[in-house]
Trainee: 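Take a look at this one; I'll ask things after.
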Amino acid sequence: MRLTKKNPEEPNFFQDVWEVVKLIPRGRVTNYGAIARYLGTAMSARMVGWAMNAAHAHKHIPAHRVVNRQGLLTGKHHFETPKAMQQRLEKDGVKVKKDQVQDFARVFWDPAKELG
DNA sequence: GGTCTGACCGGCG
DNA sequence: ACGCCGGCCAGAC
């Protein structure tokens with residue numbers, strides 16, 4: 001099934017992404033693919049990133065808690081300043097070094113696993 | 001309306 | 001470890 005506007009019955013894809021992102025606990029991070037899998041669009045991880053871009057303009061969403069599969073802060077250039085993402089993560093208690101989340105495996109939060 | 005791009009991912013050589 | 005490729009799908013041009 002597709003979560004697009006072609007299927008009006010399905011909830012809005014962006015909204016789903018944002019809700020999941022809001023549920024990320026403080027001090028934890030997740031990645032685009034995990035969110036995509038949780039929403040049932042495993043191969044559409046790119047759309048999650050694209051949704052994050054839209055989210056940035058919309059409301060206050062902890063977009064800094066979403067990194068790529070390696071734990072790299074690939075989206076930092078889309079924040080107010082390139083350093084904002086890392087600063088917010090460190091404020092959450094997540095160590096970041098050279099755009100790389102430290103102890104990534106440990107702070108990783110998988111919605112499909114945590115939420116069911 | 002074809003073509004390219006993207007805050008990605010997994011697989012393969 | 002490294003690079004390349006195909007897949008996904010919404011926008012921009």
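Computed from a predicted structure; not experimentally measured. Lettering follows sequence order; numbering is per chain, from 1.
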Trainee: Do the charged groups of A:Glu90 and A:Lys83 touch, with an N to O distance under 4.0 Å?
Mentor: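 Answer for the salt bridge query: no.
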
Trainee: Run A:Arg106 and A:Asp103 through salt bridge (Lys or Arg N to Asp or Glu O under 4.0 Å) and show every step you take.
Mentor: CA-CA 5 Å; A:Arg106 201 166 46 157; A:Asp103 299 322; 2.9 Å; yes

Trainee: Using the C1' atom in both, what is the distance from B:dA7 to C:dC2, to the nearest Å?
Mentor: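 To the nearest whole Å, 23 Å.
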
Trainee: Does a side-chain heavy-atom distance below 4.5 Å link A:Val17 with A:Tyr32?
Mentor: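 A side-chain contact under 4.5 Å is absent here.
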
Trainee: Under 4.0 Å from any heavy atom of chain A: name the first and the last nucleotide of DNA chain B that qualifies, 5' to 3'.
Mentor: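 Answer, 5' to 3': B:dG6 to B:dG10.
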
Trainee: Any residue in residues 62-85 of chain A with a heavy atom nearer than 4.0 angstrom to DNA chain B? Just list them by number, or reply none.
Mentor: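 Hits under 4.0 Å, by residue number: A:Ala63, A:Asn68, A:Arg69, A:Thr74, A:Gly75, A:His78, A:Phe79.
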
Trainee: Taking atom P of C:dA10 as reference, at what distance in whole Å does atom CZ of A:Arg46 sit?
Mentor: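 It works out to 13 Å between those atoms.
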
Trainee: Taking C-beta and beyond as the side chain, do A:Glu114 and A:Leu23 meet within less than 4.5 Å on heavy atoms?
Mentor: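 Contact flag for A:Glu114/A:Leu23 side chains = no.
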
Trainee: Is there a side-chain contact between A:Phe108 and A:Thr30 in this structure, where contact means two heavy atoms from C-beta onward sitting under 4.5 Å apart?
Mentor: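 Yes, at least one pair of side-chain atoms sits under 4.5 Å.
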
Trainee: Can you tell me the distance, in whole Å, between the CG atom of A:Asn53 and the C1' atom of C:dA10?
Mentor: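 Going from A:Asn53 (CG) to C:dA10 (C1'), I get 12 Å.
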
Trainee: Given side-chain contact (heavy atoms from CB on, under 4.5 Å), test A:Leu73 with A:Leu89 step by step and report yes or no.
Mentor: CA-CA 10 Å; A:Leu73 279 53; A:Leu89 280 172; 3.9 Å; yes

Trainee: Paired with B:dA7: which nucleotide, if any, by Watson-Crick or G-U wobble criteria at under 3.5 Å for both distances?
Mentor: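 Looking at the geometry, B:dA7 pairs with no nucleotide.
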
Trainee: Is the backbone N or O of A:Gln100 less than 3.5 Å from a side-chain atom of A:Gln102, with the two atoms forming a donor-acceptor pair by type?
Mentor: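 Looks like yes, one N/O pair under 3.5 Å.
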
Trainee: List the atom pairs, donor and acceptor, that lie under 3.5 Å between side-chain atoms in residues 61-71 of chain A and the rest of the protein, sequence neighbours left out.
Mentor:
unit_1  : atom_1 : unit_2  : atom_2 : d
A:His64 : NE2    : A:Asp92 : OD2    : 3.1
A:Arg65 : NE     : A:Asp92 : OD2    : 2.7
A:Arg65 : NH1    : A:Ile24 : O      : 3.0
A:Arg65 : NH2    : A:Asp92 : OD2    : 3.0
A:Asn68 : OD1    : A:Gln70 : N      : 3.1
A:Asn68 : OD1    : A:Gly71 : N      : 3.2
A:Asn68 : OD1    : A:Leu72 : N      : 2.8

